[in-house]
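Only one structure is covered here, and it is reproduced in the block below.
Just so it is clear: chains get the letters A, B, ... in the order the sequence lines come, proteins before strands, and each one is counted from 1. Fair warning: this is a prediction, and the values are worked out from it, not measured in the lab.
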There are 2 protein chains.
Amino acid sequence: MVSRKENVEKYLVEHGIKPSFQRISIMDYLRTHPTHPSVETIYNDLSPRIPTLSKTTVYNTLKLFVEHGAALMLTIDEKTTHFDGDLSSHAHFFCLGCGQIYDIEMDASVRERASESDLFTITETHLYYKGYCRKCCEKSDK
Amino acid sequence: MVSRKENVEKYLVEHGIKPSFQRISIMDYLRTHPTHPSVETIYNDLSPRIPTLSKTTVYNTLKLFVEHGAALMLTIDEKTTHFDGDLSSHAHFFCLGCGQIYDIEMDASVRERASESDLFTITETHLYYKGYCRKCCEKSDK
DNA sequence: TACCATTTTGTAATCTTTACAAATTTGTTT
DNA sequence: AAACAAATTTGTAAAGATTACAAAATGGTA
């Protein structure tokens with residue numbers, strides 16, 4: 001029986017990241033919270049459990065994750081950067097009303113078509129939509 | 001014979017924007033510079049010609065354009081927001097080496113498929129890729 | 001001209017992110 | 001276990017982008 005934390009540890013090692021306590025905690029948070037959290041949110045949620053945690057560490061760690069391809073950086077929201085621990089192919093929807101980011105399906109062809117071009121070496125594909133989610137539509141009749 | 005500025009003026013009015021001198025200048029800049037400029041770039045380039053121009057005005061004006069659907073805000077680059085005066089359906093490529101944003105073709109299906117969903121009211125579709133452009137590939141053999 | 005509404009401007013404040021050096025932790029060698 | 005070097009974490013200060021806000025300028029109208 002392998003614990004969740006052990007799986008996270010293995011995941012980090014597989015991506016060439018030395019698994020420290022903080023790194024494991026942050027990656028575990030990302031994977032158990034598929035809500036595209038910001039640095040602020042991650043810090044606020046982990047802080048009580050890891051009292052010594054520094055916001056700089058959260059920044060550094062997430063940057064490390066992104067550089068090693070262990071997490072994705074989402075820049076949909078111009079206010080703050082959000083992070084995604086789900087590397088599977090999917091698109092995002094950003095609600096202009098409540099600011100929430102939802103996962104939505106993405107057709108594989110979007111990725112494939114682009115890689116046909118030989119003008120660029122593509123490493124990441126991002127597809128997202130903006131608008132209003134159902135809740136916000138009902139509220140304001142957008 | 002209609003001047004370029006007159007066309008810009010008409011374009012603004014069509015989008016419900018009162019065409020002031022600054023607004024016309026900024027929209028004209030956007031349309032004649034399809035390079036996805038940042039506020040900084042626009043300000044620096046227009047400043048010599050419009051000595052009284054304030055950076056705040058550039059910020060305000062671009063926000064106004066985006067709200068009225070007269071320009072697009074690009075958040076590909078997490079460092080700064082870029083703006084696009086080209087409303088036609090296209091995708092973007094962001095070079096991680098030089099930071100430049102290139103236009104690339106976008107299949108219409110990307111937009112259509114999403115609007116099928118009735119969970120969200122979609123107002124904008126953004127598709128972009130990250131990686132290295134040819135110049136940067138050659139430089140560093142990425 | 002006098003008046004009101006809108007737009008622009010400049011400065012200060014806010015917010016996010018990064019730089020950096022000190023402190024801590026980890027791993028290794030003795 | 002002690003000593004040491006390397007890597008990681010931390011806290012503070014700085015940088016950079018954006019916004020708030022009030023004063024100044026502009027435009028249109030009675």
>> Please enumerate all residues that pass side chain to side chain contact (heavy atoms under 4.5 Å, CB included) together with B:Thr52, with sequence neighbours excluded.
In response: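 Side chain to side chain contact (heavy atoms under 4.5 Å, CB included) list for B:Thr52, sorted by chain: B:Ile50.
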
>> Which residues pass the side chain to side chain donor-acceptor pair (under 3.5 Å) test with B:Arg4, not counting sequence neighbours?
In response: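 Counting only residues at least two positions away or on another chain, B:Arg4 forms a side chain to side chain donor-acceptor pair (under 3.5 Å) with B:Asp28.
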
>> I'd like to check the ring pair (Phe, Tyr, Trp, His ring centres under 6.0 Å) partners of A:Tyr29; sequence neighbours left out, ordered by chain and number.
In response: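 A:Tyr29 satisfies ring pair (Phe, Tyr, Trp, His ring centres under 6.0 Å) with A:His33 only.
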
>> Going by ring pair (Phe, Tyr, Trp, His ring centres under 6.0 Å), name the residues that satisfy it together with B:Tyr102, two or more places apart in sequence or in a different chain.
In response: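 Result, ring pair (Phe, Tyr, Trp, His ring centres under 6.0 Å) vs B:Tyr102: A:Phe120.
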
> Could you give the start and end, 5' to 3', of the contact zone on DNA chain C for chain B, using atoms under 4.0 Å from its heavy atoms?
Replying inline: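 Nucleotide range with atoms under 4.0 Å of chain B: C:dT6 to C:dT18.
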
>> Give the residues of residues 23-34 of chain B touching DNA chain D, defined as any heavy atom closer than 4.0 Å, sorted by residue number.
In response: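 Heavy-atom contacts with DNA chain D come from no residue of residues 23-34 of chain B; none.
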
> Could you give all pairs that pass the side-chain hydrogen bond (donor to acceptor under 3.5 Å, both in side chains) test and reach residues 7-27 of chain A, with sequence neighbours left out?
Replying inline: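 Not a single pair qualifies under side-chain hydrogen bond (donor to acceptor under 3.5 Å, both in side chains).
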
>> Applying side-chain hydrogen bond (donor to acceptor under 3.5 Å, both in side chains) as the test, list every pair that has at least one member in residues 56-74 of chain B; sequence neighbours left out.
In response: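 Checked against side-chain hydrogen bond (donor to acceptor under 3.5 Å, both in side chains) - neighbours excluded - no pair reaches residues 56-74 of chain B.
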
> Can you check whether A:Gly131's main-chain N or O pairs, donor with acceptor, with B:Thr121's side chain at less than 3.5 Å?
Replying inline: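 Not confirmed, B:Thr121 side chain does not pair with A:Gly131 backbone.
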
> Got a sec, which pairs hit salt bridge (charged side-chain N to carboxylate O under 4.0 Å, His left out) with one end in residues 39-57 of chain A, sequence neighbours left out?
Replying inline: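 Sorted pair list: A:Glu40-A:Lys55.
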
> Between NE2 of B:His126 and CG of B:Leu74, what distance do you get to the nearest 0.5 Å?
Replying inline: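 B:His126 atom NE2 to B:Leu74 atom CG measures 7.0 Å (nearest 0.5 Å).
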
> Once you round it to whole Å, what is the distance between P of D:dT18 and OH of B:Tyr43?
Replying inline: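 Computing the B:Tyr43:OH to D:dT18:P distance gives 15 Å.
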
Identify all side-chain donor-acceptor contacts of residues 81-97 of chain B below 3.5 Å with residues at least two apart in sequence or on another chain.
| unit_1 | atom_1 | unit_2 | atom_2 | d |
| --- | --- | --- | --- | --- |
| B:His82 | ND1 | B:His36 | O | 2.7 |
| B:His82 | NE2 | B:Asp77 | OD2 | 3.2 |
| B:Asp84 | OD1 | B:Asp86 | N | 2.8 |
| B:Asp84 | OD2 | B:His90 | NE2 | 3.1 |
| B:Asp84 | OD2 | B:His92 | NE2 | 3.0 |
| B:Asp86 | OD1 | B:Ser88 | N | 2.9 |
| B:Asp86 | OD1 | B:Ser88 | OG | 2.8 |
| B:Asp86 | OD2 | B:Ser88 | OG | 3.4 |
| B:His90 | ND1 | B:Ser88 | O | 2.6 |
| B:His90 | NE2 | B:His92 | NE2 | 3.1 |
| B:His90 | NE2 | B:Asp103 | OD1 | 3.2 |
| B:His92 | NE2 | B:His36 | NE2 | 3.4 |
| B:His92 | NE2 | B:Asp103 | OD1 | 3.2 |

>> Under 4.0 Å, heavy atom to any atom of DNA chain C: which of residues 53-87 of chain A qualify?
In response: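 Close to the strand are A:Thr56, A:Tyr59, A:Lys79, A:Thr80, A:Thr81.
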
> Which nucleotides of nucleotides 25-30 of chain D have their base under 4.0 Å from a protein heavy atom (B), which only their sugar-phosphate (S), and which neither (-), written as one string 5' to 3'?
Replying inline: ------

>> Could you go through B:Leu72 and B:Glu124, starting from their C-alpha distance and side-chain angles, then the distance that decides it, and tell me whether this counts as side-chain contact (heavy atoms from CB on, under 4.5 Å)?
In response: CA-CA 9 Å; B:Leu72 289 174; B:Glu124 286 178 48; 4.3 Å; yes

> Linking I/L/V/M/F/W/Y whenever their side-chain heavy atoms sit closer than 4.5 Å, directly or via other members, would B:Leu62 and B:Val13 fall into one cluster?
Replying inline: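 No, it is not one cluster - the side chains of B:Leu62 and B:Val13 are not joined through contacts under 4.5 Å.
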
